[in-house]
**Q** 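Could you have a look at this structure, given as structure tokens, before my questions?
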There are 2 protein chains.
Amino acid sequence: MTADRATTTGTEPPRMRADARRNREQILRAAREVFAAQGPEAPLDEIARRAGVGVATLYRRFPNRTDLIRGVAIDVLTALGEAALAARDAEDEPFEALRTFMHAALDLRLGSVMPALIGRLEADDVLDGVRQDAADPVQELVTQAQAAGTLRPDVRFGDLPLMLMRISRPLAGGQLAEDGDLAHRQLEIYLDGLRAPGTCHQRATLPGPAVDLGWFKRIRTRLIGNQPPARPRA
Amino acid sequence: MTADRATTTGTEPPRMRADARRNREQILRAAREVFAAQGPEAPLDEIARRAGVGVATLYRRFPNRTDLIRGVAIDVLTALGEAALAARDAEDEPFEALRTFMHAALDLRLGSVMPALIGRLEADDVLDGVRQDAADPVQELVTQAQAAGTLRPDVRFGDLPLMLMRISRPLAGGQLAEDGDLAHRQLEIYLDGLRAPGTCHQRATLPGPAVDLGWFKRIRTRLIGNQPPARPRA
DNA sequence: TGGAAGTGGAGAAAAACCATCCATCTACGG
DNA sequence: CCGTAGATGGATGGTTTTTCTCCACTTCCA
């Protein structure tokens, strides 16, 4: 039942119809977003709807919730490991590589699966593999950046993913349009806090919307009356 | 601790039995925690259970969910304003005051009510009052710290509460024992990112548990098998 | 073009949640 | 110390949400 993996990890051909595979990826993407917004207990119907498929299709691919979460986890962790390697190759300076990676990880919505990984999923060879493949390059980036003296020496590995888990969850249940940009802005500030004391005179230019007090109040009033019910309708 | 009564129309005597008032505060505290963990749609049963009272007691004090959210909001915002003033008076340096305030706000779980405030609650004189009382001192701290040159000039008011909303939500659905300490540690890093370029050579000593790669893996394995279902049993 | 794999949506069964009622209990003024 | 108004808890019924299967129909691919 777990035979078909859409990921191109192994040498075995997954033998899956093209539309089926496409739907599978749609489901995974939708699940990632919905899990990130509502947590790992989000209704599966909504995931199916967001993916543009029927519920039966979702249940065919992932017979139960745990399977779906595991699928998303493998998907995200795989992409995460690749992002770490890509960042390492793209940037010369280790801290800059770390920074690039963090922003990529934020876009991947790491926080959508980490809580489930921590609390719900039991270990597994495939899962352990991708987890290792995701964690090791990051640890390497940390080590290198600290050796280069650009990452402050008192931070540890956990300070990166644990913060990503927090930042990647949408504010206010996903109602804020600027949420993604705000997350990147706040991540940039956090990254500046991670710089080594010697190098911290070079602060990053903060991207995204700078929310002052007036805007902050406007965010509220703009949203009031928009969506009285929690769940947006189709 | 704060906001003993629900409304402040001076004509009505508060006259509440001692045990009733005590229960009311228990409910508010429980609601704050549960809202922070699960969002403003959390089941009211769980809040009552966490508060150690029956459901009827909760419904008597707060006839519907909106009333409860409003109660929590007033409670938190009141305490928040007081914390801001206290921090201002306790610290000479404006940035240090800001730092003190942020840690206090984190303990108050600002994130438990902000999403609801943003999306669900409609304006109201009392609410607007406490909101103003909470926001104004913070804005003042920001202005002063930037004038003193210790807070970087490109941050804005929103960078503080919006980050608190993210940090104050428990990781992994409230299963992590070290969660509170981790949040304070990560807040400290964020605060270092908020320092002005000139003053950032003085980094704070990071508190709390430093989670390295090994510990990170251990967090997971320790929790596996602890609570397979999402909700802790009754 | 045949047929196996894939699909969507209805709908029953189960679970979660809300909100009220009432018998019992307790703080507190006299 | 007592009477009582106010407060409490948990059972309960009704409603909504969510799960997950079934089957007639469609689509890819050899």
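Note that this is a predicted model, so its numbers are computed, not measured. Chain letters run A, B, ... following the sequence lines, proteins first, then strands; residues in each count from 1.
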**Q** Using 4.0 Å as the upper bound for N to carboxylate O, is an ion pair formed by B/Asp124 and B/Arg131?
**A**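 No.
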**Q** What is the distance, rounded to the nearest whole Å, between atom CD of A/Gln38 and atom P of D/dT17?
**A**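 Nearest whole value for this atom pair: 13 Å.
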**Q** Are B/Asn64 and B/Leu68 side-chain neighbours, meaning at least one heavy-atom pair lies under 4.5 Å?
**A**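 With C-beta onward as the side chain, the pair stays apart.
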**Q** In whole Å, what is the span from the CZ atom of A/Arg21 to the C1' atom of C/dT7?
**A**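 The answer, rounded to whole Å, is 18 Å.
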**Q** Can you tell me if B/Asn23 touches the phosphate of D/dA7, counting only side-chain N or O atoms and a distance under 4.0 Å to OP1 or OP2?
**A**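 No, because none of the side-chain N or O atoms of B/Asn23 sits under 4.0 Å from OP1 or OP2 of D/dA7.
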**Q** On DNA chain C, does the nearest nucleotide to A/Val53 precede the nearest nucleotide to B/Arg65 from the 5' side, or the other way round? Give the residue.
**A**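 Upstream on the strand: A/Val53.
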**Q** So, do B/Tyr190 and A/Tyr190 have ring centers that fall under 6.0 Å from each other?
**A**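 Aromatic pair excluded; centres sit 6.0 Å or further apart.
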**Q** What is the distance, rounded to the nearest whole Å, between atom CZ of A/Arg61 and atom P of D/dC20?
**A**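 Those two atoms, CZ and P, are 18 Å apart.
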**Q** What string of B, S and - do you get for nucleotides 21-30 of chain D 5' to 3' if you count protein non-hydrogen atoms under 4.0 Å?
**A** BB----BSSS
**Q** Looking only at side-chain N and O atoms, does B/Thr57 come under 4.0 Å of OP1 or OP2 in D/dG9?
**A**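 True: B/Thr57 side-chain N/O within range (under 4.0 Å) of D/dG9 OP1/OP2.
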**Q** Just the rounded figure in Å: distance from C1' of C/dG6 to CD1 of A/Ile27.
**A**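 Spelled out: CD1 on A/Ile27 to C1' on C/dG6 is 11 Å.
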**Q** Got a sec, which residues hit salt bridge (Lys or Arg N to Asp or Glu O under 4.0 Å) with B/Arg65, two or more places apart in sequence or on another chain?
**A**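 With neighbours one apart ignored, the set is empty.
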**Q** For A/Ala20 and for B/Leu44, locate the closest nucleotide of DNA chain C by heavy-atom distance; then report the residue assigned to the nucleotide nearer the 5' terminus.
**A**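 On the 5' side of the pair lies A/Ala20.
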**Q** Atom CG of A/Leu68 and atom P of D/dT19: how far apart are they, to the nearest Å?
**A**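 Taking CG of A/Leu68 and P of D/dT19, I get 11 Å after rounding.
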**Q** Atom CD of A/Glu41 and atom P of C/dA15: how far apart are they, to the nearest Å?
**A**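 One finds 15 Å between P of C/dA15 and CD of A/Glu41, rounded.
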**Q** Measure from CG on B/Leu58 to P on C/dT20 and round the result to the nearest Å.
**A**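 Atom CG in B/Leu58 sits about 12 Å away from atom P in C/dT20.
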**Q** If you count the non-hydrogen atoms of other residues, nucleotides and ligands that lie under 6.0 Å from CG in B/Asp125, is the total more than 12?
**A**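 Incorrect, the count does not exceed 12.
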**Q** In the structure I gave you, are the side-chain heavy atoms of A/Glu178 and A/Val211 within less than 4.5 Å of one another anywhere?
**A**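 No, their side chains stay 4.5 Å or more apart.
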**Q** Evaluate the side-chain proximity of A/Phe62 to A/Arg24: yes if any heavy-atom separation is below 4.5 Å, no if none is.
**A**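 The answer is yes; the side chains approach within 4.5 Å.
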**Q** Atom CG of A/Asp45 to atom P of C/dA15: distance rounded to whole Å?
**A**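 Rounded to the whole Å, the gap is 17 Å.
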